[in-house]
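Both ligands and their constituent atoms are indexed starting at 1 by order of listing.
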Amino acid sequence: MARIQVLDSGTINKIAAGEVIERPASIVKELVENSIDAGATAITVEVRDGGISYLRVTDNGSGIEAGEVRNAFLRHSTSKIRSAEDLELVTSLGFRGEALASIAAVSRTEVLTKTADALTGIRYVNEGGKELIFEEVAAVAGTTFKVEELFFNVPARRKFLKKPAAEAAAVTDFMQKIAMGHPEISFQYIRGNSRVLHTPGDYRLKNCVYAVYGKEVLNELMEVDYDGVLGVKGFISRPQTTRANRSYQHFYLNGRMIRSRLIEKILEECYKDLVMPGSFPMAVLQITLDPSLVDVNVHPTKMEVRFSDEGLVREEIYKAVSRTLGQEDLMTRIVQAEVVPQVEEPVKEKEDWASVFPVMGTQAKTSVEIRPQEKIHKKELWQENGYYSGRQEVLPTVLEEPAPVYEVRPKVEVQPEPEVRPQPQPQSQPDNRFPDPSSLHLVGQVFFTYWLAEADGILYIVDQHAAHERVLYDKIRSVLNRGMLDSQILLEPAVVNLSISDYASVMEHMELFTRMGFEVEPFGESTVLVRCVPYIFNGPMDAGDFQDMAALLSEGSRNISQDVLLDKMAMMACKAAVKGNNTLSEAEARALFESLAKTTNPYNCPHGRPTIVTMTKQQMEKLFKRIV
Ligand code: ADP
Ligand code: MG
């Protein structure tokens with residue numbers, strides 16, 4: 001065997017670089033975080049070739065003193081903590097003191113830096129851990145890092161880099177995230193020859209979100225502003241607007257961007273009645289918390305954190321999100337002002353119609369028709385009606401224009417004034433609230449499905465099936481919360497054959513079935529005897545419904561809480577109960593309005609579809625060109 005030797009520091013740095021420096025985006029992250037820690041108010045990031053051949057980060061922060069520059073590149077050298085005790089209260093983004101050493105070990109790194117009171121700056125070049133240049137130069141206050149030829153001396157790592165476009169995308173992703181985490185800083189991000197991101201640094205998160213995602217997305221967001229044991233500020237999307245994955249969810253803790261399964265789950269929980277399974281709300285949430293209640297040193301890139309009181313954090317964030325959801329008007333509006341053609345751009349008659357009908361058309365499409373007496377699997381129903389992809393079809397409500405993106409402010413000398421002007425509250429017109437049922441003038445029913453009603457210059461259109469589902473669902477849930485649903489004995493027990501996996505899930509969840517009102521017993525291999533079925537308000541369920549529930553449970557019952565399972569079953573039960581009754585008398589329709597008004601969420605059915613949409617007199621007049 002070879003002799004055991006202590007490795008030299010260059011080798012140690014190269015090995016250690018593997019931990020924090022994976023790709024250009026991780027270098028950008030370290031450098032930008034250093035700039036933030038240095039108190040910069042403007043940070044510019046440039047990449048060429050995805051950052052593989054060249055990246056540069058410029059800030060107007062504190063700068064590094066001439067005598068400290070070399071030290072900054074030493075391993076475990078940091079100005080941010082002095083001892084392990086400081087870790088308890090660390091508020092800076094960096095503290096491990098290894099980024100610069102690691103970056104320099106695997107690239108050609110150049111820094112140009114000057115503090116405010118130094119007369120000259122320092123230019124320092126380090127290649128693969130070796131110092132090449134240390135000289136005094138003229139410079140402005142602040143720091144510029146240039147990193148070239150990443151992994152020039154570690155071909156094995158270089159091979160693992162992706163194509164420049166993919167590396168650039170990772171940098172873009174980071175820049176968007178960090179920009180939304182720091183509205184107080186003006187970020188510019190230049191990729192190749194184009195500036196792809198520019199935030200104003202005016203302390204307004206809204207303007208950052210606007211710069212990152214644009215107006216369309218911003219219009220779909222509701223503002224969160226919660227001040228409890230924790231502070232939670234930011235934006236969450238209206239339930240109508242979701243995404244197919246979580247890449248639009250951004251969380252920050254005391255200015256540090258974090259990944260958090262806990263917060264993801266809280267969002268899931270808050271939106272569970274409002275969105276389809278498999279779709280995710282957008283969120284930008286900035287959480288502030290006493291730093292001693294959180295451990296940030298559990299992961300080398302510090303993306304994961306540990307809360308000392310997870311229960312408290314969960315409770316507080318849950319409150320913040322659910323209050324925002326409850327407060328906000330969730331009613332879908334039928335027409336958006338912008339849909340009406342503008343006078344400046346006259347449109348041909350044909351297009352005029354086109355501009356009206358898509359609105360009506362998409363609305364109609366979002367209502368699920370429940371085919372009488374027919375068993376449709378829930379999932380199919382969603383797909384049929386375009387729900388998985390259809391969220392954008394529901395029209396956004398109108399928000400006021402976000403402020404324009406300003407030019408970057410000059411250097412530190414000019415301190416930006418914190419925003420004191422109260423932000424205009426979105427959505428506060430009187431027509432946002434659910435109408436008082438007693439004041440409604442019932443106009444009638446159309447297409448055997450929709451009820452039209454009028455009050456105070458607003459036309460309300462209610463999808464009776466969706467409304468009915470919401471009402472039943474709430475009733476079922478409240479009965480289930482207290483105990484069991486009523487059940488009815490079948491005159492003759494039904495013999496139900498199940499697939500092996502459905503049978504297994506029935507056995508596993510027997511207690512749930514009992515609570516739902518089923519009485520079931522095993523009857524040979526993968527066959528059961530159903531003796532009793534739930535009796536839900538207007539009628540019994542049948543053995544076929546039982547089969548559907550069994551299938552639903554075995555689909556994804558692992559890792560799902562009992563509560564969520566009950567929920568799924570309640571949804572299914574109300575669907576079964578709503579089937580077939582297309583005719584409603586006026587009195588019944590009025591009763592439905594009244595019960596709907598009392599539900600936990602009168603604006604959406606349990607599957608997330610709207611129950612009620614509105615159109616104001618003014619909007620109708622616009623449609624008919626009585627007003628422009
Ligand atoms: P850490 O950020 O964990 O302290 P780094 O290796 O990233 O470690 O940086 C080492 C030190 O260099 C920092 O503690 C800081 O004092 C200094 N430094 C790095 N970048 C900057 C910058 N942009 N402006 C001012 N000081 C900086
Ligand atoms: Mg650092």
Engineer: Is the contact between Ala38 and ligand 1 made by the side chain, the backbone, both, or neither, using heavy atoms and a 4.0 Å cut-off?
Structural biologist: side chain

Engineer: Would you confirm whether Ser26, through its side chain, and Glu22, through its main-chain N or O, come within 3.5 Å as a donor-acceptor pair?
Structural biologist: yes

Engineer: Short N/O distance, under 3.5 Å, between Ala99 and ligand 1?
Structural biologist: yes

Engineer: Please confirm whether the ring centroid of Phe160 lies under 6.0 Å from the ring centroid of Phe151.
Structural biologist: no

Engineer: Within a distance under 4.0 Å of any heavy atom of Asn34, pick out the atoms of ligand 1 and give their elements.
Structural biologist: 2 (O), 5 (P), 7 (O), 9 (O), 19 (C), 20 (N), 21 (C)

Engineer: Please determine whether a side-chain nitrogen of the Lys or Arg among Arg246 and Glu268 lies less than 4.0 Å from a carboxylate oxygen of the Asp or Glu.
Structural biologist: yes

Engineer: Tell me whether Gly61 reaches ligand 1 (any heavy atom closer than 4.0 angstrom to a ligand atom).
Structural biologist: no

Engineer: Inspect the contact between Glu167 and Arg23 and indicate whether a charged nitrogen and a carboxylate oxygen are less than 4.0 angstrom apart.
Structural biologist: yes

Engineer: Check each heavy atom of Ser62 against ligand 1 and say whether those closer than 4.0 Å belong to the side chain, the backbone, both or neither.
Structural biologist: side chain

Engineer: For the pair Lys272 and Glu269, find out whether any cationic side-chain nitrogen is under 4.0 Å from an anionic carboxylate oxygen.
Structural biologist: yes

Engineer: With a 4.0 Å cut-off on heavy atoms, is Glu30 touching ligand 1?
Structural biologist: no

Engineer: Please report the interatomic distance OG1(Thr109) to CZ(Phe145), rounded to the nearest 0.5 Å.
Structural biologist: 8.0 Å

Engineer: Could you list the atoms of ligand 1 found under 4.0 angstrom from a heavy atom of Phe145?
Structural biologist: 20 (N)

Engineer: Which ligand 1 atoms does Gly63 reach within 4.0 Å, using its non-hydrogen atoms?
Structural biologist: 25 (C)

Engineer: May I ask which of Thr58, Thr144, Asp59, Thr113 has a heavy atom nearer to atom 23 (N) of ligand 1 than the others do?
Structural biologist: Asp59

Engineer: With a cut-off of under 6.0 Å to the ring centre and 45° to the axis, is Arg323 in cation-pi contact with Tyr226?
Structural biologist: no

Engineer: With a 4.0 Å cut-off on heavy atoms, is Phe73 touching ligand 1?
Structural biologist: no

Engineer: Would you check whether Leu100 has a nitrogen or oxygen atom less than 3.5 angstrom from a nitrogen or oxygen atom of ligand 1?
Structural biologist: yes

Engineer: One pair to check against side chain to side chain donor-acceptor pair (under 3.5 Å): Thr41 and Asn60. What are the steps and the verdict?
Structural biologist: CA-CA 7 Å; Thr41 60; Asn60 63 353; 2.9 Å; yes

Engineer: For ligand 1, which atoms sit closer than 4.0 Å to a heavy atom of Ile64?
Structural biologist: 18 (N), 25 (C), 26 (N), 27 (C)

